[in-house]
Student: 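I'd like to ask some things about the structure below.
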Protein chains: 2
Amino acid sequence: MPAPRAYTAILAWLEDQLRTGVISVGEKLPGERHLAEQFEISRASVREAIRVLDAMGLVRSATGSGPSAGAVVISEPSTALAWALRMHIATQALPIGDIVEARLLLETQAALESEKRPDSPERRRILEEAAQLLDEMDTPGLPADRFHESDAQFHILLTSLAGNVVVETMMASLREATIGYVQETVSGLESWPEVSCTLQEQHRGVLQAVRERRGEDAAEALRHHITWFYGLSDHR
Amino acid sequence: MPAPRAYTAILAWLEDQLRTGVISVGEKLPGERHLAEQFEISRASVREAIRVLDAMGLVRSATGSGPSAGAVVISEPSTALAWALRMHIATQALPIGDIVEARLLLETQAALESEKRPDSPERRRILEEAAQLLDEMDTPGLPADRFHESDAQFHILLTSLAGNVVVETMMASLREATIGYVQETVSGLESWPEVSCTLQEQHRGVLQAVRERRGEDAAEALRHHITWFYGLSDHR
DNA sequence: CCCGCACTGTGGTCTGACCACAGTGGTCAG
DNA sequence: CTGACCACTGTGGTCAGACCACAGTGCGGG
């Protein structure tokens, strides 16, 4: 019993409320002052709990009044995980190489899995959106950061075809967390136009393989695509 | 420009300090009062930042005085991620089925990868430890929760053989986050002694395959092991 | 020499206050 | 009656200052 912090009461309470379905995504939490009274802790402690929930992507709080104000339960694990990942990468506890490898693993397996998924409007919509993204990325003179953002989005879309929310979330987190490093690498590259062109060719190859349900081909193309690009950086 | 919260200054500062190596794991942060003065924010805001970092597994703070007191930079992503995962599972945004599938994916791929890793004292130590865990789990009358804890530890150890910290971390998080659900499922099982016996047989089979570098066999055994056990629950 | 206790600085918590913000509802001019 | 306007109210965001428990530190007495 080493010091159960005051705010943990709220976290435990929320978890229970969520599990039992009393509160679900989209609903509002009671006001901070109300929670403080209810748990007999200070508002400062309540706020610490809210901060933690916010950092986890479980809650979004807004000022003002009316229905849109207050702490609303959301579920955005990927942005929160991405943030946490970035910080842990900064500590150098998580080597970039391992990140890339993990990402490769998730993405190739997702490609293999998506091969087996039945056709659906959802699937067609995703493929369509992915194709559009690629087209946008062909825009001449597109800023590198826009390119990378669309690039990340493209990969996440492909992963989502596997239909596994958890895998998709992990992919999104890894991607968002590393996008800064990607930009850093590329900014030191003189041959960016050629590189982006090659990347686009690879993207189209992957998309084509996925569309035609050639899972093995897609996975292999992804592997080549990712390792090739990662090889451009100096990994110091 | 929508309201940059006061405490984000500290988060950004810490990330920078970590990336540039000014601060690294194991070192202490300045005191809360000092940080408050340095960033010209209130101590309450500083504490919110520390809370967030704490929730992310980046910092551990302790009371008292001397070198052991204060906020120390650590790097324990797995416990933090596990906590976040559990909460998001509670919101039902992350279906258990997807969690199990993701875990299966990571673990089988890790088994395939570990096949290729060279021998090393590290590897031998891990295999030894895994074997010991299995022996402990054979103890008659072992409480179910102890069994599951060792079980989780066993799987994480196997995953660590692949030598990828990120994959290992994700596995550990998934495992820790779901352990509660596992216990819930098992507690409604009357044939637990038989089940645990079967699980142990499967564990030994997996360990044997890994030890002998039969990656495919290990992966297949893991797949069977996990899907079989997951099949015992009713997935409502 | 060693034991014990006051001292000091740390995080943990609380109180009470003020601010900016955004809906709400009333008022008043047209 | 209709519309624009504005004070009101409740929300989160921030702050200042205080007190507590805790754990090392170091001085003092035995």
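Remember, it's a predicted structure, so these values are computed and weren't measured experimentally. Quick note on labels: first sequence line is chain A, next is B, and so on, each numbered from 1.
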Student: Between C:dC14, D:dT14, D:dG24, spot the one nearest the side chain of A:Ser45, thanks.
Tutor: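 Closest nucleotide to the A:Ser45 side chain: C:dC14.
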Student: Please work out whether the ring planes of B:Trp13 and B:Phe39 are parallel, tilted or perpendicular, with thresholds of 30° and 60°.
Tutor: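 Answer is perpendicular, since the angle exceeds 60°.
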Student: At less than 4.0 Å, is any side-chain N or O atom of B:Arg33 found next to OP1 or OP2 of C:dG9? Yes or no.
Tutor: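 Checking B:Arg33 against C:dG9: no side-chain N or O falls below 4.0 Å of OP1 or OP2.
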Student: Quick check on C:dC21: is either OP1 or OP2 less than 4.0 Å from any side-chain nitrogen or oxygen of A:Thr63?
Tutor: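 So the side chain of A:Thr63 is outside the cut-off, no N or O lying under 4.0 Å from OP1 or OP2 of C:dC21.
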Student: Given atom CZ of B:Arg51 and atom C1' of C:dT13, what is their separation to the nearest angstrom?
Tutor: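 Computing the B:Arg51:CZ to C:dT13:C1' distance gives 11 Å.
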Student: Could you check how far CD of A:Glu48 sits from P of D:dG12, rounded to whole Å?
Tutor: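 Computing the A:Glu48:CD to D:dG12:P distance gives 16 Å.
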Student: For the pair made of NE2 in A:His34 and P in D:dT9, what is the distance, rounded to whole Å?
Tutor: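 These atoms are roughly 21 Å apart.
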Student: Find the distance B:Arg47:CZ to C:dG12:C1' and express it as a whole number of Å.
Tutor: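 Going from CZ in B:Arg47 over to C1' in C:dG12 covers 5 Å.
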Student: Does the structure show a Watson-Crick or G-U wobble partner for C:dG30, both distances under 3.5 Å? Name it, or say none.
Tutor: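 Across any shown strand, C:dG30 pairs with D:dC1.
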Student: Side-chain N or O of A:Arg43 less than 4.0 angstrom from OP1 or OP2 on C:dT13?
Tutor: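 So the side-chain polar atoms of A:Arg43 never come under 4.0 Å of the phosphate oxygens OP1 or OP2 of C:dT13.
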Student: With a 4.0 Å limit, can you tell me whether A:Ser61 has a side-chain N or O closer than that to the phosphate oxygens OP1/OP2 of D:dT11?
Tutor: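 No, outside the criterion.
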Student: Atom CD of B:Glu32 to atom P of D:dG17: distance rounded to whole Å?
Tutor: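 So the CD-P distance, B:Glu32 to D:dG17, works out to 17 Å.
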Student: Is it the case that atom CD in A:Glu37 sees more than 12 heavy atoms from other parts of the structure closer than 6.0 Å?
Tutor: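 No, the 6.0 Å shell around CD holds no more than 12 heavy atoms from other groups.
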Student: Please state how far atom CG in B:Asp54 lies from atom P in C:dT13, giving the value in whole angstrom units.
Tutor: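 Spelled out: CG on B:Asp54 to P on C:dT13 is 11 Å.
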Student: Should the ring pair B:His148 and B:Phe229 be called parallel, tilted or perpendicular, given that the plane angle runs from 0 to 90° and is split at 30 and 60?
Tutor: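 The rings of B:His148 and B:Phe229 sit tilted, inter-plane angle from 30° to 60°.
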Student: Any side-chain N or O of A:Ser65 below 4.0 angstrom from OP1/OP2 of C:dG23?
Tutor: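 No, no such contact exists.
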Student: For the pair B:Ser24 and B:Glu27, evaluate side chain to side chain donor-acceptor pair (under 3.5 Å) and give the outcome as yes or no after the intermediate values.
Tutor: CA-CA 6 Å; B:Ser24 44; B:Glu27 296 179 30; 2.9 Å; yes
Student: Tell me: CD1 of B:Ile41 to P of D:dT14, nearest whole Å?
Tutor: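 Checked: the CD1 to P distance equals 9 Å.
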Student: Report the distance from atom CZ of A:Arg5 to atom C1' of C:dC14, rounded to the nearest whole Å.
Tutor: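 It works out to 16 Å between those atoms.
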Student: When you match A:Ala69 and B:Gly66 each to their closest nucleotide on DNA chain D, which lands nearer the 5' end?
Tutor: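 Taking each residue's closest nucleotide, the earlier one in sequence belongs to A:Ala69.
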Student: For A:Met87 and B:Leu53, work out which heavy atoms get closest and say how close.
Tutor: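 Nearest heavy atoms, A:Met87 then B:Leu53: CE-CD2, 3.9 Å.
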